[in-house]
Amino acid sequence: MKFTIDSSALADAVAWAARSLPARPTAPVLAGLLLEATQSSLTLSGFDLEVSAQISLNADVEEPGRVLVSGRLLADITRALPHIPVTITTDGPRVNVECGSSRFTLLTLPVEDYPSLPTMPTVSGLIDGPTFTSAISQVAIAAGRDETLPALTGIRLEIEGDTLTLAATDRYRLAVREIPWKPEQSSISATALILGRTLNETAKAMTSATEVE
């Protein structure tokens with residue numbers, strides 16, 4: 001694998017994808033970031049068996065390929081690179097990062113042991129990004145933190161038509177927020193309970209999005 005890409009764009013993408021990686025992974029490969037170079041794009045993926053994150057950006061790809069490296073190390077390296085194009089190549093069990101006079105080498109992780117990312121479901125609707133992020137942060141305050149009562153650590157999402165209701169409680173506090181959204185089907189009705197910490201971190205990662213699917 002060999003590709004060249006703007007170092008600032010790469011650093012931002014790596015930082016975004018690596019934020020969901022576990023600090024104490026149950027398996028070493030789960031601390032890795034999967035890099036896949038195909039034709040003219042680079043895709044970065046992270047997955048801890050609970051939350052998956054994936055981002056794609058344009059790159060000048062000379063040799064397509066895929067490799068798994070430590071997400072934390074790659075984030076530290078790309079953050080320190082000068083603002084000029086960076087070239088990344090694979091050499092057996094190593095990944096070489098070259099940017100101007102800077103040279104780094106990382107050992108790869110066994111990509112064949114990396115779990116397959118879950119398939120994304122079809123889109124159910126669209127919602128304003130800033131509104132979504134704000135609503136999640138307001139409701140997440142009331143979510144419980146006692147893991148012996150897992151149901152209370154979640155945020156309940158209830159969809160009825162063009163209204164999305166968010167609710168959370170730790171038995172002592174209750175937070176509810178209703179926000180409008182644009183469903184694909186006007187008759188849609190659904191409920192889901194999602195871990196509050198996970199949903200809050202996901203919403204923060206989409207702060208710059210104008211619309212969220």
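Only heavy atoms go into these numbers, but all of them, side chains included; no hydrogens, no water, no symmetry mates.
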Given the rule in the side chain to side chain contact (heavy atoms under 4.5 Å, CB included) test, do Ile88 and Leu10 qualify, once you have shown the distances and angles that lead to the verdict? CA-CA 11 Å; Ile88 294 181; Leu10 179 63; 3.8 Å; yes

Measure the spacing between [atom1] of [X] and [atom2] of [Y] and express it to the nearest 0.5 Å.
{"X": "Cys99", "Y": "Ile77", "atom1": "SG", "atom2": "CD1", "result": "11.5 Å"}
{"X": "Glu201", "Y": "Ile136", "atom1": "CD", "atom2": "CD1", "result": "12.0 Å"}
{"X": "Glu50", "Y": "Asp48", "atom1": "CD", "atom2": "CG", "result": "5.5 Å"}
{"X": "Phe132", "Y": "Leu126", "atom1": "CZ", "atom2": "CG", "result": "12.5 Å"}
{"X": "Leu68", "Y": "Leu109", "atom1": "CG", "atom2": "CG", "result": "4.5 Å"}

Non-hydrogen side-chain atoms of [X] and [Y] separated by less than 4.5 Å:
{"X": "Trp181", "Y": "Ser124", "result": "yes"}
{"X": "Ile5", "Y": "Val86", "result": "yes"}
{"X": "Leu157", "Y": "Leu199", "result": "yes"}
{"X": "Phe104", "Y": "Leu81", "result": "yes"}
{"X": "Val97", "Y": "Leu106", "result": "yes"}
{"X": "Leu42", "Y": "Phe3", "result": "yes"}
{"X": "Thr108", "Y": "Pro93", "result": "yes"}
{"X": "Ile179", "Y": "Leu164", "result": "yes"}

In chain order, what residues pass the side chain to side chain donor-acceptor pair (under 3.5 Å) check against Ser56, with sequence neighbours excluded? Thr43

Output all residues satisfying side chain to side chain donor-acceptor pair (under 3.5 Å) with Asp113, sequence neighbours left out; order by chain, then residue number.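 So Asp113 forms no side chain to side chain donor-acceptor pair (under 3.5 Å) with any residue.
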
Is atom CD of Gln185 surrounded by more than 12 heavy atoms (other residues, nucleotides or ligands) closer than 6.0 Å? no

Got more than 12 heavy atoms from elsewhere within 6.0 Å of CD, Glu63? yes

Going by distance alone, is a donor N or O of one side chain under 3.5 Å from an acceptor N or O of the other, for Glu160 and Ser189?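 Yes.
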
Please confirm whether the backbone N or O of [Y] pairs with a side-chain atom of [X], one donor and one acceptor, at under 3.5 Å?
{"X": "Ser7", "Y": "Pro82", "value": "yes"}
{"X": "Trp16", "Y": "Ile55", "value": "no"}
{"X": "Thr153", "Y": "Gly144", "value": "no"}
{"X": "Asp91", "Y": "Arg94", "value": "no"}
{"X": "Tyr114", "Y": "Phe47", "value": "yes"}
{"X": "Thr133", "Y": "Ala203", "value": "yes"}

Output side-chain donor-acceptor pairs under 3.5 Å for residues 206-213, partner residues at least two apart or in another chain, one line each.
unit_1 : atom_1 : unit_2 : atom_2 : d
Thr207 : OG1    : Lys204 : O      : 2.6
Glu211 : OE2    : Lys182 : NZ     : 3.3

Connected via hydrophobic side-chain network under 4.5 Å: Leu44 and Leu49: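 No, because Leu44 and Leu49 fall into different hydrophobic clusters, even though each may have its own neighbours under 4.5 Å.
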
Determine, for Lys2 against Glu62, whether the closest basic-nitrogen to carboxylate-oxygen distance falls under 4.0 angstrom.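 Judged by the 4.0 Å cut-off on N to carboxylate O distance, Lys2 and Glu62 do form a salt bridge.
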
Would Arg156 and Glu158 pass as an ion pair if we require N to O under 4.0 Å?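 Judged by the 4.0 Å cut-off on N to carboxylate O distance, Arg156 and Glu158 do form a salt bridge.
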
Can you see which heavy atom on [X] is nearest to which on [Y], and at what distance?
{"X": "Thr4", "Y": "Pro85", "result": "CG2-CB, 3.9 Å"}
{"X": "Ala11", "Y": "Thr78", "result": "CB-O, 3.5 Å"}
{"X": "Pro150", "Y": "Glu147", "result": "CD-O, 3.6 Å"}

Using the salt bridge (charged side-chain N to carboxylate O under 4.0 Å, His left out) criterion, which residues pair with Arg177? Sequence neighbours excluded.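 Salt bridge (charged side-chain N to carboxylate O under 4.0 Å, His left out) check on Arg177 returns nothing, list empty.
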
Donor-acceptor pairs under 3.5 angstrom involving side-chain atoms of residues 19-41: please list them, not counting sequence neighbours.
unit_1 : atom_1 : unit_2 : atom_2 : d
Ser20  : OG     : Ala17  : O      : 3.2
Glu36  : OE2    : Arg66  : NE     : 3.3
Ser41  : OG     : Thr38  : O      : 3.4

Who passes side chain to side chain contact (heavy atoms under 4.5 Å, CB included) against Leu152, sequence neighbours left out?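 Leu152 satisfies side chain to side chain contact (heavy atoms under 4.5 Å, CB included) with Leu149, Thr169, Arg171 once adjacent residues are dropped.
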
